[in-house]
Amino acid sequence: MGKSLIKFSEKLIDRLKVAYNVVVLTGAGMSAASGVPTFRGKDGLWNKFNPEELANINAFLRNPDLVWEWYSWRRNLIKNVNPNLGHYALVDMEQYFPEFAVITQNVDNLHQQAGSKSVIELHGNIMRNKCIDCGQYISEEDLLKLEEEAEKKVPHCPQCGGLIRPDVVWFGELLPQDAIEKARELSAAAEVFFSVGTSSQVEPAASLPYLAKGNGAYLVEINPEATPLSSVADECLREGVEKVLPALSMEIEKIRKRIK
Ligand code: APR
């Protein structure tokens, strides 16, 4: 079957030709093609597991071993996957705009692994782990030793004995202040804003596209399914990121000079 040619509107192309500041908000759909399960799709994690039992601080304090084991399972899954063509397309696109930022809800480190330079992590990063009491970050190598000793149970901080937790934002927790402030600043200044692979349901990330649009950005959604954002977007591209972003990157190479 021939490659399905993705059609971008003249309006989007015209905006990209002159854009100074481009922002891409990404969600779990960005990593689906890499084999990382999404949360709310048909085979999403929240269909199999209950986030109330796993992804919040009270669940962790109630049953640290269960929560730790679930995150170890996710971390090991993520260690064995690679960025997909969508991640690499964003790395290419970054070089054609003076300001280009990836604001991600994902904790899988795949944007950084692909080589994106400007990545704002709204929900933390599963590869980082810290003590809930003294805040000490535990290196990957120290963690391996601690996990071996703990035998599947939650490891304890070598400094103070506190419980070790993944450095991710759990339901009900505040996002890192610097990350959400920077994300809002860039979204408000964006001339083109892409909402990519997210169901647009979780705040405050879900408000960023509205902030961008309210300040005059051209808003594009890339998602095979419709979301609450679809009716507000100027353009919806109903295909996977692994197809759309490489095609978009090729379009940009035609209409702009590489500046980085
Ligand atoms: N390309 C683009 N989009 C895709 C693809 C793909 N190949 N595959 C799936 N999608 C879309 C789905 O249609 C869905 O709309 O990705 C979206 C994934 O939505 P969610 O699973 O809800 O993930 P996300 O929006 O990132 O969730 C936000 O919720 O559970 C919390 O902290 C967690 O960061 C997460 C937040």
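Both counts, for ligands and for their atoms, begin at 1 and track the order of listing.
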Report summary line: Atoms of ligand 1 under 4.0 Å from any heavy atom of Glu225, numbered from 1 in the order shown, are 13 (O)

Report summary line: In ligand 1, the atoms that come under 4.0 Å of a heavy atom of Gly240 are 1 (N), 6 (C), 7 (N)

Requested in this report: Write out the residue and atom name of the closest protein heavy atom to atom 9 (C) of ligand 1, then the distance separating them to 0.1 Å.
Outcome: Gly29 CA, 3.9 Å

**Report entry** Closest to atom 20 (P) of ligand 1 among Ala32, Ala205, Ser199 (heavy-atom distance)
**Finding:** Ser199

Query raised in the report: So, Gln105 and Thr26: side-chain donor and acceptor under 3.5 Å apart, yes or no?
Result: no

Query raised in the report: With the threshold set at 4.0 Å, does a side-chain nitrogen-carboxylate oxygen contact exist between Glu239 and Lys7?
Result: no

Query raised in the report: Please state which protein non-hydrogen atom is closest to atom 14 (C) of ligand 1 and give its distance, to 0.1 Å?
Result: Asn223 ND2, 3.8 Å

**Report entry** Parallel, tilted or perpendicular: rings of Phe39 and Trp46 (30°, 60°)
**Finding:** tilted

Query raised in the report: Which ligand 1 atoms does Phe171 reach within 4.0 Å, using its non-hydrogen atoms?
Result: 30 (O), 31 (C)

Report task. Return yes if a side-chain donor-acceptor contact under 3.5 Å exists between Glu121 and Asn125, otherwise no. Result -> yes

**Report entry** Nearest heavy-atom neighbours spanning Leu122 and Val169
**Finding:** O-CG2, 3.6 Å

Query raised in the report: Under the 6.0 Å and 45° cation-pi test, does Arg75 pair with Trp70?
Result: no

Query raised in the report: Between the side chains of Gln112 and Ser116, is a donor N or O closer than 3.5 angstrom to an acceptor N or O?
Result: no

Report summary line: For Glu242, the atoms of ligand 1 under 4.0 Å from one of its heavy atoms are 7 (N)

Query - Ligand-residue contact atoms, ligand 1 with Gly27, heavy atoms, under 4.0 Å - result: 26 (O)

Query - Sub-4.0 Å heavy-atom contact, His123 with ligand 1 - result: yes

Query raised in the report: Ala28 heavy atoms, cut-off 4.0 Å: which ligand 1 atoms fall inside?
Result: 23 (O), 24 (P), 26 (O)

Query raised in the report: Has the side chain of Asn84 got a donor or acceptor atom that lies under 3.5 Å from a matching backbone atom of Glu242?
Result: no

Query raised in the report: If we ignore angles and hydrogens, is there a donor and acceptor under 3.5 Å between the side chains of Tyr137 and Asp167?
Result: yes

Requested in this report: Answer with yes or no whether Pro224 contacts ligand 1, where contact means a heavy atom under 4.0 Å from a ligand atom.
Outcome: yes

Query raised in the report: What residue and heavy atom of the protein are closest to atom 1 (N) of ligand 1, and at what distance?
Result: Val241 N, 3.0 Å

Query - Those atoms of ligand 1 less than 4.0 Å from some heavy atom in Val202 - result: 28 (C), 29 (O), 36 (C)

Query raised in the report: Got the closest protein heavy atom to atom 33 (C) of ligand 1, with its distance?
Result: Phe39 CE1, 3.7 Å

**Report entry** Between Glu221 and Ser195: side-chain donor-acceptor atoms closer than 3.5 Å
**Finding:** no

Query raised in the report: So, Thr227 and Arg40: side-chain donor and acceptor under 3.5 Å apart, yes or no?
Result: no

Report task. Please report which non-hydrogen protein atom sits nearest to atom 25 (O) of ligand 1, along with the residue it belongs to and the distance in Å to one decimal place. Result -> Thr198 OG1, 2.7 Å

Report summary line: The option among Arg40, Glu221, Arg238, Gln105 carrying the non-hydrogen atom nearest to atom 29 (O) of ligand 1 is Arg40

Query raised in the report: Which residue owns the protein heavy atom closest to atom 18 (C) of ligand 1, what's the atom, and how far is it?
Result: Gly197 O, 3.7 Å

Report task. Give the residue and atom name of whichever protein heavy atom lies nearest to atom 30 (O) of ligand 1, and the separation in Å to one decimal. Result -> Trp46 NE1, 2.9 Å

